[in-house]
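Numbering starts at 1 and runs along the sequence shown. Nothing here was measured: the structure is a model prediction, and the numbers come from that model.
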Amino acid sequence: MSQTIRHPEILEIARRDGKVTVDALAQHFGVTFQTIRRDLADLAETGRLERVHGGAVLPSGVTNIGYEDRRGLHAGAKGAIAAACAAAIPNDCSVFLSIGTSTEAVASRMLAHRNILAVTNNINVAALLEKNPDCQIVVAGGTLRRSDGGLVGDLTTRTIRHFKFDVAVIGCSALDDEGDVLDFDMQEVGVTRTIIDQARRILLVADHSKFLRKAPVRVATLADLDAFFTDRALPEAFLRRCAEHSVDVHVAGEGTVLD
């Protein structure tokens with residue numbers, strides 16, 4: 001198989017899994033480690049991947065992956081995370097759901113919730129929750145970000161300040177071992193900070209790939225969170241910081257809470 005055929009598939013695997021390894025790719029394509037290393041070097045040289053020990057990851061940068069591509073990434077993990085998070089949201093409450101494919105997944109699993117007031121700055125979330133007849137929906141005003149259906153800006157934050165939510169569900173673009181919650185869009189910082197200020201309980205939903213990525217804007221820290229829903233065991237340093245800040249960690253599918 002030529003490299004012109006391997007390269008697109010390597011990139012697709014990286015987008016799906018967040019990273020690729022030399023061992024796994026060599027086995028997948030039936031070629032030598034040296035061949036895969038050359039492939040990864042070529043892809044890194046053109047900026048499409050970033051080399052790490054034993055493989056490569058999607059390049060860090062200042063722009064996010066396209067929204068439709070993100071929807072398809074780790075769909076199974078997002079579904080498990082969303083189910084666990086939705087189960088933690090009670091009936092008869094007010095909830096804010098923010099921008100992101102993971103929060104959309106949570107919304108899709110709230111269609112049986114009763115007597116819910118849902119506020120969102122994500123028009124995709126509003127469209128999903130419209131299927132729940134027992135959910136009152138408020139869409140925060142603001143500037144429409146066509147790339148993902150998000151609403152951002154001063155009007156959004158002013159709308160959010162009119163409420164005090166029982167629960168808020170937020171996502172992120174990246175996480176680091178220091179406990180910072182990161183994103184790509186500076187406009188989201190003010191919105192996310194306002195959500196945190198106006199909610200009694202903050203739930204973060206993020207799959208394991210967020211630890212493999214970098215983003216330039218800090219939107220929150222572990223000290224701002226009450227619970228974190230993910231799909232794999234956390235890095236030890238991050239888990240220690242969760243314990244320090246009394247953040248409940250829910251690993252979807254394991255039936256455990258590490259605190």
Side-chain angles (χ1 to χ4, degrees), residues 67 71 75-142 144-145 148-172 181 188 190-207 219-220 224-231 246-257 259:
Y67 202 68
R71 270 201 173 115
K78 287 178 183 176
I81 292 166
C85 181
I89 299 172
N91 296 312
D92 305 300
C93 79
S94 58
V95 58
F96 189 96
L97 294 113
S98 70
I99 299 170
T101 59
S102 294
T103 53
E104 288 180 27
V106 174
S108 71
R109 284 156 178 81
M110 292 183 61
L111 303 187
H113 276 62
R114 300 187 305 276
N115 193 27
I116 295 292
L117 170 63
V119 184
T120 185
N121 62 330
N122 183 335
I123 60 174
N124 302 308
V125 162
L128 287 164
L129 290 175
E130 189 271 336
K131 299 179 180 68
N132 182 348
D134 209 12
C135 178
Q136 182 181 355
I137 304 164
V138 176
V139 178
L144 175 64
R145 198 165 62 186
D148 62 4
L151 295 160
V152 294
D154 290 341
L155 181 57
T156 309
T157 57
R158 289 203 300 271
T159 302
I160 293 168
R161 288 194 186 102
H162 286 291
F163 296 89
K164 188 70 176 183
F165 309 104
D166 295 313
V167 180
V169 181
I170 63 172
C172 65
V181 180
E188 284 195 44
V191 173
T192 302
R193 292 305 317 174
T194 305
I195 294 167
I196 290 169
D197 289 343
Q198 299 302 115
R200 298 180 177 90
R201 184 168 173 79
I202 306 295
L203 314 182
L204 174 68
V205 287
D207 65 73
V219 296
D224 298 312
L225 307 179
D226 294 288
F228 176 34
F229 294 81
T230 190
D231 63 312
S246 300
V247 178
D248 292 334
V249 177
H250 301 252
V251 182
E254 292 192 357
T256 59
V257 179
D259 53 23

Nearest non-hydrogen partners of [X] and [Y], listed with the distance:
X	Y	value
Leu151	Gly142	CD2-O, 3.7 Å
Asp231	Ala77	OD2-CB, 3.3 Å
Ala107	Leu97	N-CD2, 4.1 Å
Asn124	Asn122	N-OD1, 2.9 Å
Cys135	Ala118	SG-CB, 3.7 Å
Ala220	Ile196	CB-CD1, 3.7 Å

Does some side-chain heavy atom of [Y] sit less than 4.5 Å from a side-chain heavy atom of [X]?
X	Y	result
Ser102	Ile81	no
Thr192	Val181	no
Val219	Val191	no
Val247	Asp226	no
Ile202	Asp224	no
Met110	Val95	yes

Is any side-chain N of the basic residue among Arg161 and Asp197 closer than 4.0 Å to the acidic one's carboxylate O?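 No, Arg161 and Asp197 are not salt-bridged.
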Looking at Arg200 and Asp166, does any basic side-chain N land under 4.0 Å from a carboxylate oxygen?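 Asp166 and Arg200: salt-bridged.
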In sequence, state the C-alpha distance, the side-chain angles, and the governing distance for Val119 and Val139, and then conclude on side-chain contact (heavy atoms from CB on, under 4.5 Å). CA-CA 6 Å; Val119 184; Val139 178; over 6 Å; no
Atom pair [atom1]/[atom2] of [X] and [Y] - distance to nearest 0.5 Å:
X	Y	atom1	atom2	value
Ile170	Leu225	CD1	CG	5.5 Å
Phe228	Cys172	CZ	SG	6.5 Å
Leu129	Gln136	CG	CD	12.0 Å
Ile137	Asn132	CD1	CG	7.5 Å
Ile160	Arg193	CD1	CZ	12.5 Å

Report the C-alpha separation of Phe229 and Leu203 in whole Å, then their side-chain angles, then the decisive distance to 0.1 Å, and conclude whether the side-chain contact (heavy atoms from CB on, under 4.5 Å) test is met. CA-CA 7 Å; Phe229 294 81; Leu203 314 182; 4.1 Å; yes
For [X] and [Y], indicate whether the former's side chain and the latter's backbone hold a donor-acceptor pair under 3.5 Å.
X	Y	value
Thr103	Ser98	yes
Thr230	Ala206	yes
Arg114	Pro90	no
Asp134	Asn115	yes
Gln198	Phe163	yes

Kindly indicate, with the supporting measurements, whether the criterion side-chain contact (heavy atoms from CB on, under 4.5 Å) is fulfilled by Leu128 and Glu104. CA-CA 8 Å; Leu128 287 164; Glu104 288 180 27; 4.1 Å; yes
Report the C-alpha separation of Thr101 and Lys78 in whole Å, then their side-chain angles, then the decisive distance to 0.1 Å, and conclude whether the side-chain contact (heavy atoms from CB on, under 4.5 Å) test is met. CA-CA 8 Å; Thr101 59; Lys78 287 178 183 176; 2.7 Å; yes
Evaluate the criterion side chain to side chain donor-acceptor pair (under 3.5 Å) for residue pair Thr156 and Asn121; output intermediate values, then yes/no. CA-CA 7 Å; Thr156 309; Asn121 62 330; 5.7 Å; no
Pairs in or reaching into residues 85-127: which pass ring pair (Phe, Tyr, Trp, His ring centres under 6.0 Å), with residues at least two apart or in two chains?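 Residue pairs passing ring pair (Phe, Tyr, Trp, His ring centres under 6.0 Å), neighbours aside: Phe96-Phe165.
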